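Scope of the values below: all heavy atoms of this structure, side chains included, with no hydrogens, waters or symmetry mates. Throughout, numbering of the chain's residues begins at 1 and tracks the sequence. Read the numbers this way: they start at 1 and go in the same order the structure lists the ligands and their atoms. This structure is a prediction, so every number in the text was calculated from the model and none was measured.
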Amino acid sequence: MSELSDIRREYSLGEMHSENVPDDPMELFNCWLEVVKDSEIKDPTAMSLATVDDNGQPFQRIVLLKRFGDDGFVFFTNLESRKAQHIAINSQVSLLFPWHTLEKQVAITGVAEPLSKTEVLKYFMSRPKDSQIAAWVSKQSSPISARKALETKFSEMKAKFAKGDVPLPKFWGGYIVKPTSIEFWQGGENRLHDRFIYEKSAGEQWARSRLAP
Ligand SMILES: Cc1cc2nc3c(=O)[nH]c(=O)nc-3n(C[C@H](O)[C@H](O)[C@H](O)COP(=O)(O)O)c2cc1C
C-alpha cells in the first residue's frame with residue numbers, strides 16, 4: 001500500500017491557450033460541461049456549494065446544478081436547511097465543480113438569490129412523484145431519532161398524496177448563484193497547469209486573466 005505522500009500523477013490531457021479561450025466564461029463552462037457529460041464521470045452536474053455561518057465558519061456540501069445561463073447557476077433545496085440559513089445571513093457563496101478525473105476544475109464565487117416561485121414550481125412539477133413526496137418528508141438539516149421515522153413519514157405522505165398532484169411545500173425552493181468570478185483550471189505537464197479567471201467588472205463585463213498555477 002503506497003504512502004499518501006507518494007500518491008501523485010502527471011496531468012497531460014490538455015492545454016489552454018489564450019487565443020482559444022473564449023471571452024465569455026459561460027461559453028467555456030458550457031463547452032467543458034459537454035465534455036464532462038460525454039465522459040465516464042458520474043453525477044456530472046454535482047457541484048460543491050460553500051456557504052458561511054454567522055461566525056464566518058465555512059461549510060460545503062454537494063448539490064446538483066439544474067440550469068445555468070447568463071443569469072447564473074441554479075440549484076434546488078430545502079429553504080429551512082442549514083445552507084438556506086447560511087445564505088439568509090450571508091448570500092456570498094462559492095461553487096466548485098471537481099472534474100479532476102478530466103484534470104479540470106471550475107471554481108466560482110457569487111451571490112445566491114432565491115428563485116422565483118414560478119421557476120421552482122415548474123421544476124418541482126417535473127420531478128418524479130416519489131421525489132416530490134420526499135421533499136415533504138425531510139425537515140432537512142434537523143436532528144431526527146431514526147431512519148424509521150423518515151420511512152414512516154414517507155408512507156404517510158405517500159398515502160396522503162396518493163391521488164392527484166403533490167403540492168409544492170412552502171419550505172422547498174431554489175437559488176440562482178449570480179457569478180462574480182469563474183476560474184477554470186486545466187492540469188498541465190510538470191505541474192505547469194493552466195488557470196484562467198474571469199472577473200465581473202462594475203460595468204457587468206467579464207475581464208479575463210491568466211493565473212500562475
Ligand atoms: C451527489 C449529491 C447530490 C446532492 N444534491 C442535492 C441537491 O441538489 N439539493 C440538496 O438540497 N441537497 C443535495 N444533496 C445533499 C447535500 O449534500 C446536503 O447533505 C443537504 O443539502 C443538507 O445540507 P445542509 O445541511 O448544509 O443544508 C446532494 C448530495 C450528493 C452527495
Side-chain angles (χ1 to χ4, degrees), residues 26 29-30 32-69 71-102 104-151 153-154 157 161 166-179 182:
M26 288 305 186
F29 182 82
N30 187 35
W32 279 26
L33 186 58
E34 286 304 313
V35 172
V36 175
K37 277 158 63 186
D38 287 344
S39 76
E40 303 281 291
I41 290 183
K42 291 220 169 100
D43 304 319
T45 56
M47 55 185 184
S48 177
L49 163 73
T51 56
V52 289
D53 72 10
D54 49 358
N55 288 318
Q57 170 64 58
F59 187 85
Q60 303 175 55
R61 78 293 282 157
I62 291 174
V63 292
L64 296 180
L65 177 71
K66 290 295 174 183
R67 176 177 83 69
F68 72 94
D71 51 345
F73 298 85
V74 166
F75 66 91
F76 294 90
T77 192
N78 184 302
L79 300 178
E80 294 170 357
S81 62
R82 169 174 41 193
K83 71 182 87 51
Q85 291 172 28
H86 286 188
I87 290 168
I89 295 164
N90 183 344
S91 60
Q92 293 181 89
V93 302
S94 179
L95 301 172
L96 182 94
F97 292 87
W99 297 326
H100 47 86
T101 44
L102 293 180
K104 290 179 185 335
Q105 71 175 341
V106 177
I108 296 166
T109 60
V111 176
E113 292 181 8
L115 286 174
S116 71
K117 176 131 187 240
T118 313
E119 180 160 2
V120 173
L121 191 58
K122 188 165 168 225
Y123 173 69
F124 187 78
M125 299 308 282
S126 77
R127 299 182 92 202
K129 191 164 185 179
D130 279 355
S131 305
Q132 295 175 339
I133 292 170
W136 278 98
V137 169
S138 173
K139 205 164 162 12
Q140 196 177 54
S141 316
S142 301
I144 52 170
S145 56
R147 181 177 174 85
K148 186 87 192 122
L150 280 181
E151 290 168 356
K153 188 137 184 238
F154 188 79
M157 288 294 171
F161 297 128
V166 179
L168 173 68
K170 67 173 183 343
F171 53 81
W172 201 87
Y175 294 90
I176 182 160
V177 176
K178 302 201 158 172
I182 308 181

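Checking only distances, I62 does come within under 3.5 Å of ligand 1, N or O to N or O. Residue L64 has at least one nitrogen or oxygen atom sitting less than 3.5 Å from a nitrogen or oxygen atom of ligand 1, judged on distance alone. Checking only distances, R82 does come within under 3.5 Å of ligand 1, N or O to N or O. The distance criterion of under 3.5 Å between nitrogen or oxygen atoms is not met by A84 with respect to ligand 1.
Considering only non-hydrogen protein atoms, atom 6 (C) of ligand 1 sits nearest to V63 CA, 3.6 Å. Distance from atom 23 (O) of ligand 1 to its nearest protein heavy atom, with residue and atom name: K83 NZ, 3.4 Å. Protein heavy atom closest to atom 18 (C) of ligand 1, with residue, atom name and distance, is R61 CG, 3.7 Å. With hydrogens left out, the protein atom closest to atom 24 (P) of ligand 1 is S141 OG, 3.5 Å, a heavy atom. Protein heavy atom nearest atom 20 (C) of ligand 1, with residue, atom name and distance: Q140 NE2, 3.3 Å. Here the heavy atom of the protein found nearest to atom 11 (O) of ligand 1 is T77 OG1, 2.6 Å.
Contact annotation for K66 and ligand 1: no heavy atom of the residue comes within less than 4.0 Å of the ligand. By the criterion of a heavy-atom distance under 4.0 Å, neither the backbone nor the side chain of F75 is placed next to ligand 1.
S94 places a side-chain N or O within 3.5 Å of a backbone atom of I108 that can act as its donor or acceptor partner. In terms of modelled atom types and a separation under 3.5 Å, the side chain of N90 and the main chain of Q92 share a donor-acceptor contact.
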- [ ] Please step through side chain to side chain contact (heavy atoms under 4.5 Å, CB included) for the pair I182 and M26, ending with a clear verdict.
- [x] CA-CA 9 Å; I182 308 181; M26 288 305 186; 4.3 Å; yes
Task: Intermediate values then yes/no, side chain to side chain contact (heavy atoms under 4.5 Å, CB included), V35 and W99 - done: CA-CA 10 Å; V35 172; W99 297 326; over 6 Å; no
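Applying the side chain to side chain contact (heavy atoms under 4.5 Å, CB included) test to L121 and every residue at least two apart in sequence or in another chain returns M125, L168.
No more than 12 heavy atoms of other residues, nucleotides or ligands sit less than 6.0 Å from atom NZ of K122.
For the residue pair I62 and A46, the shortest heavy atom distance occurs at CG2-CB, 3.8 Å.
Shown here, atom 26 (O) of ligand 1 is in close reach of the protein: a heavy atom of it lies under 4.0 Å off.
Ring centroid separation for the pair W136 and F161 comes in under the 6.0 Å cut-off.
Looking only at side-chain heavy atoms (C-beta outward), P169 and F124 come within less than 4.5 Å of each other.
Taking a cut-off of under 4.0 Å to the non-hydrogen atoms of F76, the atoms of ligand 1 that pass are 7 (C), 8 (O), 9 (N), 10 (C), 11 (O).
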